[in-house]
Amino acid sequence: MFANAVYLIALTALSPWILYRRVRHGRYRRGWRQKLLGLSRADAHRLRGESPTADCIWLHAVSVGEVNLLGGLVKRLQAQFPQTPIVISSSTDTGYDLAVQRFGTERVFFCPLDFSWAVQRTLANLEPKLLVLAELELWPNLIKTARQRNTDVIVINGRLSHRSAAGYQRFSWLTRPIFTSLSSVQCQDESSADRFVACGTPRSRIAISGSLKFDDAPQTRECVDVQSRARWAGIDPWHMVWVVGSTQDGEEKMALEVYRRLCGRHSELRLILVPRHPERFDRVAQLIDAEGLLAHRRSRDGSLEDLKWTADRVLLIDTIGELRHWWGVGQIATVGGTFGDRGGQNMLEPAGYGNAIAFGPDTRNFADIAERLLDAGGAVRVANPIELEAFLERCLTDIPAADSLGRAAKQVVEQHRGASERTVNAIGRFLAPDDQSQRHAA
């Protein structure tokens, strides 16, 4: 009841902001019945498909990044447990849309908000044998109700930062029972494992499986998804394409200013911008125009395949779920979210393609991955626009050095693959009908 009261107060306080985002940016318009009331019996039967009585796995991925992680995992689970229905939930519109695109409408739904009645209805109608949470989505009512129904709860690709762990420990009277009741946590690294233990999860239920992001990283540019986009963009062999992806406010302006200074000296340089949030697409297009350049928008402008891509034209990728493939179109990559205070975004996708990678000072969300790349000589950390420009200049004038960066980055990815297999094996131990050794009381 306490949690419900807190959520109601928070939802009431946030309602003006939600309404503004709904009207101004078209956000939060869908899925409210499932979010507020939970999953209906009819929807649950639709999701479970032809096996309405079979045990099912509920995978939850909060947004786009987590949904992207699940692709290979779902394929492996389907192959190993073909009779087990797999359903996927997401919390955001963009995550939901990408999940539908990757897994089909028939098994995707909006995750209920953590009100007791919503999660109880969802769990009662869906009846999952296993609830799998990607990375860290610890909701008190959801986890408590799942364990009361004898549904095991597993965290996969578990990552717990020092700051988050400290926050959970400050409210340990509320959060410790959540961590204690987790059936299994598959952590990315030892540091996260130690923090889960400090927050209350028994060490015996924790394993180091590695990061699924390494397994999810691409392996080759020679695929339809990359080559079709390169044709759409009108890439010539002599072009050097710089992709600046998952950008936050301020990072696009920095990239545009660096680009304008360099493209006068390097006619081969081309720029692709991929903002992180859809509500900023129009603003970034206006910014490109304000810099005296032409924004060529992926969502509405035609292909450049039969046109000449001139240096004054910046490609703006104003679509969702495509960044992974656009990294493969470029040879030079700058990872956004690292020049402010957002903690950075995933740098393994450009690494998988063998790009020359730079990122900014703040990579705390991917600290272990960033350090691995830096230690192996597979990435460069730059502190400001001046250093970023110097990095670009080196890549453009010393091609062997840029290639060496890319090879080192790709090697780091290859050396750390294997988390998917370990994660599927961990999940499988909870699905074996005669194996109760992994099950724990809440």
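Only this structure's heavy atoms are used, side chains among them; waters, hydrogens and symmetry mates stay out. One-based numbering along the sequence shown.
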Quick check: closest heavy atoms across [X] and [Y], and the distance to 0.1 Å?
X: T338; Y: Q345; answer: CG2-N, 4.4 Å
X: L113; Y: A118; answer: O-CB, 3.7 Å
X: I332; Y: C395; answer: CD1-CB, 3.7 Å
X: W326; Y: A233; answer: CZ3-CB, 4.0 Å
X: A356; Y: F391; answer: O-CZ, 3.7 Å
X: T84; Y: C56; answer: CG2-CA, 4.1 Å

I'd like to check [X] versus [Y] (side-chain heavy atoms, cut-off strictly below 4.5 Å). Are they in contact?
X: H416; Y: I369; result: no
X: S40; Y: R121; result: yes
X: D368; Y: S191; result: no
X: S91; Y: K35; result: no
X: E135; Y: K213; result: yes
X: M347; Y: T363; result: yes
X: L316; Y: P275; result: yes
X: R205; Y: L182; result: no

- Task: Please report the C-alpha distance between L131 and L142 in whole Å, then the side-chain angles of each, then the deciding distance to 0.1 Å, and finally whether the side chain to side chain contact (heavy atoms under 4.5 Å, CB included) criterion is met.
- Result: CA-CA 10 Å; L131 170 59; L142 176 61; 3.9 Å; yes

In Å and rounded to the nearest 0.5 Å, what is the [atom1] to [atom2] distance from [X] to [Y]?
X: S420; Y: L77; atom1: OG; atom2: CG; answer: 9.5 Å
X: I427; Y: R76; atom1: CD1; atom2: CZ; answer: 11.5 Å
X: L315; Y: I272; atom1: CG; atom2: CD1; answer: 5.0 Å
X: W32; Y: L37; atom1: CH2; atom2: CG; answer: 11.5 Å
X: I86; Y: K75; atom1: CD1; atom2: NZ; answer: 12.5 Å
X: D194; Y: L160; atom1: CG; atom2: CG; answer: 10.5 Å

- Message: Could you go through M240 and I399, starting from their C-alpha distance and side-chain angles, then the distance that decides it, and tell me whether this counts as side chain to side chain contact (heavy atoms under 4.5 Å, CB included)?
- Response: CA-CA 10 Å; M240 287 291 287; I399 302 300; 4.0 Å; yes

Using modelled atom types only, decide if a donor and an acceptor are shared between the side chain of [X] and the backbone of [Y] within a distance under 3.5 Å.
X: R270; Y: H239; result: no
X: Q188; Y: N157; result: yes
X: R48; Y: P85; result: no
X: R159; Y: N365; result: yes
X: Q34; Y: F110; result: yes
X: Q331; Y: V241; result: yes
X: E251; Y: G337; result: yes
X: D216; Y: L69; result: no
X: S90; Y: A61; result: yes
X: D225; Y: H325; result: no

- Mind telling me whether F109 and W58 have parallel, tilted or perpendicular rings, with 30° and 60° as the class edges? tilted

- Message: Which residue in the set R102, R324, E349 passes side chain to side chain donor-acceptor pair (under 3.5 Å) when paired with N68?
- Response: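 Running side chain to side chain donor-acceptor pair (under 3.5 Å) over R102, R324, E349 with N68 returns exactly one hit, R102.
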
- Task: Return yes when atom CZ of R203 has more than 12 non-hydrogen atoms of other residues, nucleotides or ligands closer than 6.0 Å, and no otherwise.
- Result: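 Check passes, neighbour count above 12.
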
- With a cut-off of 6.0 Å (strictly less than), are more than 12 heavy atoms of other residues, nucleotides or ligands near CZ of R297?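 Above 12, so yes.
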
- Task: With side chain to side chain contact (heavy atoms under 4.5 Å, CB included) as the test, would you mind laying out the steps for I88 and R107 before giving the verdict?
- Result: CA-CA 6 Å; I88 299 99; R107 57 179 178 177; 4.3 Å; yes

- Task: Could you check V243, V226, V329, V413 and say which one makes a side-chain contact (heavy atoms from CB on, under 4.5 Å) with Y353?
- Result: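 The single option meeting the side-chain contact (heavy atoms from CB on, under 4.5 Å) with Y353 is V226.
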
- Query: side-chain contact (heavy atoms from CB on, under 4.5 Å) with Y259: which of L271, L273, V244?
  - Reply: L271

- Item | Worked verdict on R195 versus Y168 for side chain to side chain contact (heavy atoms under 4.5 Å, CB included) | CA-CA 10 Å; R195 290 169 189 146; Y168 284 123; over 6 Å; no

- No-hydrogen, no-angle side-chain donor-acceptor test under 3.5 Å, E252 and T247: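 Per modelled atom types, E252 and T247 side chains form a pair under 3.5 Å.
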
- Message: I'd like to know if the side chain of S192 pairs up with that of D189 as donor and acceptor (distance under 3.5 Å, no hydrogens or angles considered).
- Response: yes

- Message: side-chain hydrogen bond (donor to acceptor under 3.5 Å, both in side chains), that's the test. Do N355 and R221 meet it? Break it down for me.
- Response: CA-CA 11 Å; N355 286 345; R221 302 171 189 269; 2.5 Å; yes

- Message: Whether R41 and E127 form a salt bridge (side-chain N of Lys/Arg under 4.0 Å from carboxylate O of Asp/Glu) is what I want to check.
- Response: no

- Task: Sequence neighbours left out, what pairs pass salt bridge (Lys or Arg N to Asp or Glu O under 4.0 Å) with at least one residue falling in residues 410-424?
- Result: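 Sorted pair list: E414-R417.
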
